[in-house]
Amino acid sequence: MLRQYELVEKVKAYDPDADEEMLNRAYVFSMRAHGTQLRASGDPYFSHPIEVAGILTDLKLDAETIATGILHDTIEDTVATQDQIERLFGRNVARLVDGVTKLSRIEAQTESERAAENFRKFLLAMSDDIRVLLVKLADRLHNMRTLHFIKNPDKRRRIAKETAEIYAPLAERIGMYEFKDELAEIAFRELEPLAFESITRRLEQLRESAGDLIPLAIADLEELLADNGIRATVVGREKTPHSIWKKMQEHHVGFEQLSDIMAFRIIVDSIPDVYQALGLIHQRWPMVPGRFKDYISTPKRNGYRSIHTTVIGPAKRRVEIQIRTHEMHGQAEYGLAAHWAYKTNGTASPRENYPGCRTCWRSSTMIQARRSSSSTRSSPCTRTRCSALRPKAS
Ligand code: MN
């Protein structure tokens with residue numbers, strides 16, 4: 001759990017003018033309010049709002065949002081009142097905490113898919129201040145990360161279903177792909193344990209027979225770009241079991257027919273570099289028809305911009321490649337949160353300075369990356385599923 005001074009320091013690092021006093025007061029207030037309550041994990045309940053606040057600092061959000069993260073369960077779960085929060089932390093924080101509390105109260109009770117769609121719309125409409133939604137998503141993300149501690153399988157299922165139907169699509173809707181991916185992945189593991197197991201096993205078998213092809217393909221791509229004078233960061237990963245499963249469902253194919261299970265990202269300095277990189281790749285390897293998408297000339301509705309193409313070639317495999325600038329990359333992963341952080345503190349999105357782990361492309365914020373290593377360039381992460389940590393098949 002983040003200590004008080006660590007949390008404050010994290011905020012100060014990207015927003016030197018942040019109200020330190022308020023953050024300290026919120027920390028102590030929440031700790032006292034939650035008292036001896038415990039989480040399903042056996043941890044003090046208080047560790048939950050602090051972890052939520054930690055996720056929000058990773059998004060470099062303003063002090064009011066961080067305080068809201070720290071306080072978000074106090075009205076619902078303790079004797080603290082709205083008036084108290086307003087007196088101690090001001091009107092804005094009180095309004096935000098109230099918003100999160102209201103969302104928590106109307107949560108659940110969504111059985112059919114149609115109801116889920118209505119509920120998503122409702123959540124969006126309720127959150128006239130987008131920060132309410134960001135705190136709610138961080139709250140859900142931490143609850144999903146600790147889902148396995150809940151003993152009652154029906155309860156786990158209900159939470160996972162709600163996440164898959166409401167919160168993951170909502171994160172996607174506002175362009176927060178990294179949140180969406182992690183939420184969907186944990187929910188999938190809970191809801192379809194057999195499919196999850198079988199796909200994970202297939203991926204392992206494939207790795208054993210062919211070796212880890214990701215570093216090979218990265219090397220191929222890097223060499224091509226460097227030879228042509230394009231400065232680029234290349235990261236790659238196996239697609240997640242959830243996205244593989246979704247493809248199998250959509251196209252009604254089995255795992256064996258699914259040829260592209262690796263995806264790569266090329267991050268370059270400018271838009272001309274993006275198109276030059278694309279040209280080089282298409283000249284070098286044949287592209288797969290029907291898979292090319294230019295979301296730079298035509299962005300998605302949530303603002304997402306990137307080039308997507310699939311080619312047959314790097315490491316002698318069919319691979320999906322996304323090409324974008326650093327700026328697009330930051331926005332692609334954090335969407336609205338990135339816009340908000342930029343608006344309030346002028347900070348660049350976390351992604352802009354840190355392209356993520358080389359072999360699973362989680363950003364520094366979602367992993368405990370070994371930041372100490374040399375620079376802000378990609379470094380191996382400590383995520384259990386990251387291939388950088390897997391024993392290499394020879
Ligand atoms: Mn909570």
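Scope of the values below: all heavy atoms of this structure, side chains included, with no hydrogens, waters or symmetry mates.
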Can you give each donor-acceptor pair under 3.5 Å made by side-chain atoms of residues 289-300, sequence neighbours left out, with the distance rounded to 0.1 Å?
residue : atom : partner : partner atom : Å
R291    : NH1  : D260    : OD2          : 3.1
R291    : NH2  : D260    : OD2          : 3.2
R291    : NH2  : T310    : OG1          : 3.3
D294    : OD1  : Y275    : OH           : 3.3
D294    : OD1  : I296    : N            : 2.8
D294    : OD1  : S297    : N            : 2.9
D294    : OD2  : Y275    : OH           : 2.9

Side-chain donor-acceptor distances from residues 33-47 under 3.5 Å, at least two apart:
residue : atom : partner : partner atom : Å
H34     : ND1  : Q37     : OE1          : 2.9
Q37     : NE2  : D77     : O            : 2.8
R39     : NH1  : N143    : OD1          : 3.2
R39     : NH2  : N143    : OD1          : 3.1
R39     : NH2  : T146    : OG1          : 2.9
S41     : OG   : D43     : N            : 3.3
S41     : OG   : D43     : OD2          : 3.2
Y45     : OH   : D73     : OD2          : 2.6
Y45     : OH   : D77     : OD2          : 3.3
S47     : OG   : P44     : O            : 2.8

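Residues forming a ring pair (Phe, Tyr, Trp, His ring centres under 6.0 Å) with W285 (at least two apart in sequence, or on another chain): none. Annotation: salt bridge (charged side-chain N to carboxylate O under 4.0 Å, His left out) contacts of E190 (sequence neighbours excluded): R156. Residues satisfying the salt bridge (charged side-chain N to carboxylate O under 4.0 Å, His left out) test with R95, not counting sequence neighbours, are D129.
Looking only at side-chain heavy atoms (C-beta outward), I312 and V288 come within less than 4.5 Å of each other. Contact check for K155 versus I159: side-chain heavy atoms found under the 4.5 Å cut-off.
Grouping the Ile, Leu, Val, Met, Phe, Trp and Tyr side chains by contacts below 4.5 angstrom, directly or via other members, places M31 with V8.
A salt bridge links K239 with E320; the closest basic N to acidic carboxylate O contact falls under 4.0 Å. Salt bridge status for D220 with R284: absent, with no side-chain N to carboxylate O gap under 4.0 Å. Salt-bridge formation is not detected for the pair D83/R87: no Lys NZ or Arg NE/NH1/NH2 atom is positioned less than 4.0 Å from an Asp or Glu carboxylate oxygen.
In this structure a side-chain-to-backbone donor-acceptor pair under 3.5 Å is missing from S306 to R324.
Under a cut-off of 6.0 angstrom, the local environment of CZ in R202 is crowded, with over 12 non-hydrogen atoms contributed by other residues, nucleotides or ligands.
For the atom pair CG (L221) and CD1 (I266), the distance works out to 4.5 Å, reported to the nearest 0.5 Å.
Across F179 and A171, no two heavy atoms sit closer than the pair CB-CB, 4.1 Å. The two residues V132 and L96 make their nearest non-hydrogen contact at CG2-CD2, 3.8 Å.
Listed by first then second residue, pairs satisfying salt bridge (charged side-chain N to carboxylate O under 4.0 Å, His left out) with a partner in residues 20-35 read K12-E20, not counting sequence neighbours.
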